[in-house]
Number of protein chains: 2
Amino acid sequence: MAYRQTPAVEARLQDNRGRILAAARTLVSEGGWQEAQVASVAAAAGMATGTVYRYFPSKAELFADVLSAVSQREVDVLAAIATSDEPAATRLHSAVATFVRRAMRNPRLAYALIAEPCDKEIDAARLVYRAAVSNVVRTIVASGQAAHEMRDDVAPDLAASVIVGGFMEGLIGPLSPLNPRHPPGSGDSRRKVHSLAHDIARLACASVAPVSRARPLQERRSR
Amino acid sequence: MAYRQTPAVEARLQDNRGRILAAARTLVSEGGWQEAQVASVAAAAGMATGTVYRYFPSKAELFADVLSAVSQREVDVLAAIATSDEPAATRLHSAVATFVRRAMRNPRLAYALIAEPCDKEIDAARLVYRAAVSNVVRTIVASGQAAHEMRDDVAPDLAASVIVGGFMEGLIGPLSPLNPRHPPGSGDSRRKVHSLAHDIARLACASVAPVSRARPLQERRSR
DNA sequence: CGAAGAAATGAATTACGATTCATATCATCG
DNA sequence: CGATGATATGAATCGTAATTCATTTCTTCG
């Protein structure tokens with residue numbers, strides 16, 4: 001017996017893993033999924049291709065981990081908002097607007113993670129993320145309904161799905177074209193981002209606003 | 001010169017093209033994208049693999065055409081509703097509910113075309129479809145705003161994106177799991193489908209309902 | 001019928017990047 | 001140092017369908 005893992009080594013291994021994740025994240029955020037190749041990641045992390053496979057069993061798992069790391073942070077932010085003691089509508093507005101604003105801080109990355117066409121396996125990982133976000137929103141809606149601050153004639157899961165789908169789709173347009181890139185540092189005219197966030201959040205809130213008894217139900221129509 | 005295209009031949013060619021599209025559509029609607037292989041399509045259409053390439057330049061274009069054919073029908077249906085002379089809210093409700101109901105008639109196909117992870121190239125074609133649907137919805141919203149029947153403090157494009165993203169996401173859950181399959185013919189308890197459609201449509205309508213002056217803006221909370 | 005060109009065939013080729021693995025290098029410790 | 005096992009390397013391999021193309025079969029018309 002001439003080997004037992006040293007803390008120094010363990011640290012290096014840990015660090016390598018982090019470097020791989022960071023490199024992968026950077027590549028995606030710069031070139032989208034097109035650049036997301038295992039060999040490129042390895043090169044960017046300063047190691048050989050095969051080494052990546054000592055840390056991740058497959059490309060799909062590697063990028064699923066990237067997705068999950070980035071996403072978990074967002075979910076945490078939303079969860080914090082969701083559990084604050086504001087009224088439900090306020091929390092919903094804040095959650096949606098915050099999500100939008102944060103996404104707009106790195107549009108290329110957000111676009112890649114949310115909407116850009118990518119490998120089937122990676123795409124599948126998005127479902128988990130969406131479900132997590134949807135779950136936080138469901139929490140808000142459910143509490144709003146319990147407090148009679150939100151319409152309670154729709155299941156909270158359904159309302160949450162619709163809201164999440166709505167604000168994500170609303171984001172895609174502004175994120176996607178990768179239009180005239182703004183000089184780095186200006187992010188995107190603060191004003192525009194802010195008002196986009198506000199608009200999307202208003203739409204989200206409106207969909208579950210309490211039905212005023214005064215204003216008769218909109219659609220009479222059946223088909 | 002000993003050849004000039006005969007109408008009979010032209011008809012056969014045309015027919016072949018149709019058979020390929022039909023076979024492709026059937027395969028997707030039965031097995032999702034997993035079954036969507038050029039060789040399978042050829043076999044299902046009763047011809048050799050290479051023949052498919054005499055009609056379509058690539059797999060991606062073939063399936064993009066399938067997508068576009070199916071989608072165009074839906075867009076047409078929506079467009080008809082959009083141009084009826086009902087109030088805007090009625091049209092919106094009807095458009096959304098109709099879309100949902102129709103999608104639920106063939107959940108497997110709808111799921112594949114709307115949400116199932118698939119090839120990058122095919123996924124890209126979905127954007128075109130979504131844009132077309134969104135465009136119809138935009139029309140409705142814009143007219144509703146013009147008639148002061150819908151809130152006009154959001155750009156119609158944005159509202160349309162949010163609405164479309166919302167109802168599509170709301171659909172995915174019910175479509176996706178491919179849960180306990182219902183015996184063919186029952187489609188899915190009519191009642192359930194109908195109420196799902198109604199619920200989703202209500203959420204969509206609510207997001208652009210006019211802001212009642214009485215009830216102060218959403219995130220302020222009335223009291 | 002048969003020449004000429006069109007269309008169909010399907011086995012073989014290709015493309016492409018993920019994944020492997022024999023080899024080299026590094027870390028530990030007696 | 002040198003033995004032992006861990007870790008890293010990166011060129012070679014693999015897997016999977018899409019795509020091609022030399023050959024065959026069908027159509028047209030003199």
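Here is the naming used below: chain letters follow the sequence lines, and residue numbers restart at 1 for every chain.
- Nucleotide dT7(D) holds its P atom 10 Å from the CD atom of Glu10(A), rounded to whole Å.
- A straight line from CD of Glu121(B) to P of dA15(C) spans 16 Å, rounded to a whole angstrom.
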Encoded 5' to 3' (Watson-Crick or G-U under 3.5 Å; [ ] crossing; | other strand), DNA chain C becomes ||||||||||||||||||||||||||||||
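- Between the CD atom of Gln14(A) and the P atom of dT7(D) there is a distance of 13 Å, given to the nearest Å.
- For residues 33-51 of chain B, there are no salt bridge (Lys or Arg N to Asp or Glu O under 4.0 Å) pairs, not counting sequence neighbours.
- Going from atom CD of Gln37(B) over to atom C1' of dG15(D) covers 13 Å, rounded to whole Å.
- Gln34(B) places its CD atom 9 Å from the P atom of dA17(D), with the value rounded to the nearest Å.
- Gln72(A) CD: more than 12 foreign heavy atoms inside a 6.0 Å radius.
- Considering only heavy atoms from C-beta on, Leu196(A) stays 4.5 Å or farther from Arg101(A) through its side chain.
- The two residues Leu92(B) and Met150(B) make their nearest non-hydrogen contact at CD2-CE, 3.9 Å.
- For Lys120(A) and dG17(C), the NZ to C1' distance is 14 Å, given to the nearest whole Å.
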Give each protein N/O atom lying under 3.5 Å from an N/O atom of nucleotides 8-10 of chain D, with the pair distance.
{"residue": "dA8(D)", "atom": "OP1", "partner": "Arg12(A)", "partner atom": "NH1", "Å": "3.1"}
{"residue": "dA8(D)", "atom": "OP1", "partner": "Asn16(A)", "partner atom": "ND2", "Å": "2.9"}
{"residue": "dA8(D)", "atom": "OP1", "partner": "Tyr55(A)", "partner atom": "OH", "Å": "3.2"}
{"residue": "dA8(D)", "atom": "OP2", "partner": "Arg54(A)", "partner atom": "NE", "Å": "3.4"}
{"residue": "dA8(D)", "atom": "OP2", "partner": "Tyr55(A)", "partner atom": "OH", "Å": "3.2"}
{"residue": "dT9(D)", "atom": "OP2", "partner": "Ala48(A)", "partner atom": "N", "Å": "2.9"}
{"residue": "dT9(D)", "atom": "OP2", "partner": "Thr51(A)", "partner atom": "OG1", "Å": "2.5"}
{"residue": "dG10(D)", "atom": "N7", "partner": "Gly50(A)", "partner atom": "N", "Å": "3.1"}

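- Taking atom CZ of Phe63(B) as the reference point, atom P of dA18(D) lies 8 Å away to the nearest angstrom.
- Of all heavy-atom pairs between Trp33(A) and Pro117(A), the closest is CD1-O, 3.7 Å.
- Spacing between atom OH of Tyr53(A) and atom C1' of dT7(D) amounts to 18 Å, rounded to whole angstrom units.
- The CZ atom of Arg17(B) sits 5.5 Å away from the CG atom of Asp65(B) when rounded to the nearest 0.5 Å.
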Go through the steps to decide whether Arg54(B) and Leu13(B) satisfy the test side-chain contact (heavy atoms from CB on, under 4.5 Å), and finish with yes or no. CA-CA 10 Å; Arg54(B) 297 187 55 74; Leu13(B) 297 198; over 6 Å; no
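- Nearest heavy atom pair, residue Cys118(A) against residue Asp123(B), reads N-OD2, 4.5 Å.
- Rounded to the nearest 0.5 angstrom, Leu113(A) CG and Met168(A) CE are separated by 10.0 Å.
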